[in-house]
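Scroll down for the structure; my scribbles are underneath it.
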Amino acid sequence: MKRTVLITGATSGIGEAIAHSFAQNGDRLVLTGRREERLSAVKDELESTYQATVFTYPMDVRDAELVATICQKILNEVGPVDILVNNAGLALGLEKFQDYVTEDMLTMLDTNVRGLLLVTRQILPQMVEKNQGHIINIGSTAGIYAYGGAAVYSATKAAVKVLSDGIRIDTVATDIKVTTVQPGLVETDFSLVRFHGDQERAAQFYKGIEALQAQDIADIVLFIANQPRRVQISDITIMANQQATGFTFHREQ
Ligand code: NDP
Ligand code: 8X3
């Protein structure tokens, strides 16, 4: 049966790849993100490639009022959400905590933590009402292993894991599943965003490393969502082959 899958941050990278996987699987998609033209482009591609049903709603997850309005609009116009993938997120900067730009710290916190809980707070009640649903939160290996220059990013991703665990406890008497997906190094626009659009620095970062691809994570997310009712994958960590912890990896010279 077709499910309705709401994905935050579906305009690029992992979120976009997840949209492809669910579309190919025959599910209905509700895509959000800030860049409207990217949302339209992804929708067009999914419709033409998979004949998928796709709805798009531009949304900045940091804006509490907007999130409430858009989520209620989605529930009214599209109907109940079966699977929520909280993927929108970012790292900004890679400096020692004492040197960090305060605004960058707050943007990470607002997007990765506040945004995730604002969206989930809007969508979860109708799942509870239906006694069914799946929340898939994109954490990171950074949430398990802190690394230099990433104290705040790592803390936001640790918070994602703990929020998932807490929500799983609060919904334990229901059929709702909660999963944290913790990817390691994935080659997307992540580093370009982290380095404030510095293309050379972003490309340099992946040099000599066979990083994971967004589709690798998307395949795993679909696998998680396609388990039978009795199976709940609570957490999963996926590293690149030459990655040992969050930021310990082997680089070919
Ligand atoms: P991308 O930069 O390619 O994608 C980030 C997505 O998040 C975009 O679609 C962007 O959309 C969206 N986003 C960012 N800020 C906001 C906001 N305020 N409101 C709504 N959407 C927002 O990076 P990735 O695909 O790599 O990142 C996706 C997730 O995966 C993030 O949570 C990231 O932390 C996590 N992750 C990434 C890893 C990696 O190595 N790449 C590894 C582990 C986890 P738009 O700009 O249109 O709003
Ligand atoms: C992103 C993965 O290792 O670049 O969450 O921090 S890493």
Side-chain angles (χ1 to χ4, degrees), residues 6-20 31-43 56-64 66-67 70-71 85-94 104 106-116 118-119 136-161 163-164 180-197 202 205-206 209-218 220-221 236-240 242-249 251:
L6 167 56
I7 305 170
T8 66
T11 54
S12 65
I14 297 171
E16 182 180 355
I18 292 171
H20 275 262
L31 309 180
T32 72
R34 290 167 302 176
R35 287 169 290 174
E36 291 195 48
E37 71 293 350
R38 285 287 315 150
L39 276 180
S40 302
V42 175
K43 174 181 159 75
T56 56
Y57 291 87
M59 178 171 82
D60 185 329
V61 295
R62 295 170 298 176
D63 183 336
L66 183 69
V67 168
I70 297 292
C71 287
V85 184
N86 279 310
N87 163 79
L90 79 178
L92 285 175
L94 189 63
D104 285 352
L106 296 179
T107 303
M108 287 188 276
L109 202 58
D110 283 350
T111 310
N112 303 356
V113 182
R114 188 167 184 266
L116 182 144
L118 287 173
V119 175
I136 301 177
N137 292 329
I138 308 298
S140 168
T141 49
I144 312 170
Y145 312 98
Y147 59 86
V152 177
Y153 179 67
S154 296
T156 66
K157 291 301 183 177
V160 169
K161 162 77 168 68
L163 273 167
S164 301
T180 314
V181 177
Q182 305 185 103
L185 215 67
V186 190
E187 192 165 0
T188 61
D189 286 348
F190 180 84
S191 292
L192 189 64
V193 172
R194 164 173 262 175
F195 299 130
H196 299 281
F205 181 74
Y206 296 110
I209 302 172
E210 190 181 354
L212 295 161
Q213 298 300 306
Q215 198 55 51
D216 300 330
I217 307 307
I220 288 163
V221 168
I236 186 162
T237 303
I238 312 109
M239 292 203 199
Q242 265 67 53
Q243 181 176 17
T245 72
F247 234 49
T248 309
F249 38 75
R251 205 186 279 273

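Order of appearance sets the numbers: ligands from 1, and atoms from 1 within every ligand.
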Heavy-atom nearest neighbour of [atom] within options [options]:
atom: atom 5 (O) of ligand 2; options: Phe190, Tyr153, Phe205; result: Tyr153
atom: atom 26 (O) of ligand 1; options: Thr237, Val186, Ile238, Thr188; result: Thr188
atom: atom 31 (C) of ligand 1; options: Asn87, Val42, Thr32, Val67; result: Asn87
atom: atom 35 (C) of ligand 1; options: Asp189, Ile138, Thr156; result: Ile138
atom: atom 2 (C) of ligand 2; options: Gly184, Ala142, Gly143, Gly139; result: Gly184

At less than 4.0 angstrom from any non-hydrogen atom of [X], what atoms of ligand 1 do you find?
X: Ile14; value: 25 (O), 26 (O), 30 (O), 37 (C)
X: Gly13; value: 3 (O), 25 (O)
X: Ser12; value: 1 (P), 3 (O), 4 (O), 8 (C), 9 (O)
X: Arg35; value: 8 (C), 11 (O), 45 (P), 46 (O), 47 (O)
X: Met59; value: 19 (N), 20 (C)
X: Thr11; value: 8 (C), 9 (O), 10 (C), 11 (O), 45 (P), 47 (O)

### Task
Report the part of Leu185 in contact with ligand 2, treating N, CA, C, O as backbone and CB onward as side chain, heavy atoms under 4.0 Å; options are side chain, backbone, both, neither.
side chain
Working to the nearest 0.5 angstrom, can you tell me the gap between [X] [atom1] and [Y] [atom2]?
X: Ile14; Y: Glu187; atom1: CD1; atom2: CD; value: 12.0 Å
X: Leu94; Y: His196; atom1: CG; atom2: NE2; value: 10.0 Å
X: Ile70; Y: Leu118; atom1: CD1; atom2: CG; value: 13.5 Å
X: Thr11; Y: Arg34; atom1: OG1; atom2: CZ; value: 7.5 Å
X: Leu90; Y: Leu192; atom1: CG; atom2: CG; value: 12.0 Å
X: Leu92; Y: Leu109; atom1: CG; atom2: CG; value: 12.0 Å

### Message
Using every non-hydrogen atom in the two residues, find where Gln243 and Leu185 come nearest and quote the distance to one decimal.
### Response
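Taking every non-hydrogen atom into account, OE1-N, 3.0 Å.
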Using a 4.0 Å heavy-atom cut-off, which part of [X] comes near ligand 1: side chain, backbone, both, or neither?
X: Leu185; result: backbone
X: Tyr153; result: side chain
X: Lys157; result: side chain

How close does the nearest protein non-hydrogen atom get to [atom], and which residue and atom is it?
atom: atom 43 (C) of ligand 1; value: Pro183 O, 3.2 Å
atom: atom 18 (N) of ligand 1; value: Asp60 OD1, 2.9 Å
atom: atom 5 (C) of ligand 1; value: Gly89 O, 3.6 Å
atom: atom 21 (N) of ligand 1; value: Ala88 CB, 3.5 Å
atom: atom 7 (S) of ligand 2; value: Tyr147 OH, 3.5 Å
atom: atom 19 (N) of ligand 1; value: Val61 N, 3.0 Å
atom: atom 15 (N) of ligand 1; value: Arg34 NH2, 3.2 Å

### Task
Would you mind running through ligand 2 and noting each atom that sits below 4.0 Å from a heavy atom of Phe247?
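Taking each heavy atom of Phe247 in turn, ligand 2 has 3 (O), 4 (O) under 4.0 Å.
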### Query
Which atoms of ligand 2 have any heavy atom of Ser140 under 4.0 Å away?
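Listed by number with element, the hits are 1 (C), 2 (C), 5 (O).
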For [X], is the nearest heavy atom under 4.0 Å from an atom of ligand 1?
X: Thr8; result: no
X: Gly139; result: yes
X: Arg38; result: no
X: Gly184; result: yes

### Query
So which of Thr180, Asn86, Val113 actually passes side-chain contact (heavy atoms from CB on, under 4.5 Å) with Leu163?
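Output: one option passes, namely Val113.
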Side chains of [X] and [Y], heavy atoms from C-beta outward: is any pair under 4.5 Å?
X: Ile217; Y: Val186; value: yes
X: Pro58; Y: Leu39; value: yes
X: Leu116; Y: Val61; value: no
X: Thr141; Y: Lys157; value: no
X: Phe190; Y: Tyr206; value: yes

### Message
Ring-plane angle category for Tyr147 and Phe247, please: parallel below 30°, perpendicular beyond 60°, tilted otherwise.
### Response
parallel
Would you say [X]'s side chain and [Y]'s backbone share a donor-acceptor pair under 3.5 angstrom?
X: Asn87; Y: Ile138; result: no
X: Arg194; Y: Ala91; result: no
X: Tyr145; Y: Ser154; result: no
X: Arg38; Y: Ala10; result: no

#### Entry: Geometric N/O contact Arg194 with ligand 2, under 3.5 angstrom
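Looking only at distances, the answer is no, because the N/O contact criterion of under 3.5 Å is not met.
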### Query
Below 3.5 angstrom, do we get any N/O pair linking Gly246 and ligand 2?
yes
### Query
If we only count N/O pairs under 3.5 Å, is Gly9 in contact with ligand 1?
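Among all N and O atoms of Gly9, at least one is under 3.5 Å from an N or O of ligand 1.
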### Query
Under a heavy-atom criterion of less than 4.0 Å, does Ala150 contact ligand 2?
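No, Ala150 has no heavy atom closer than 4.0 Å to ligand 2.
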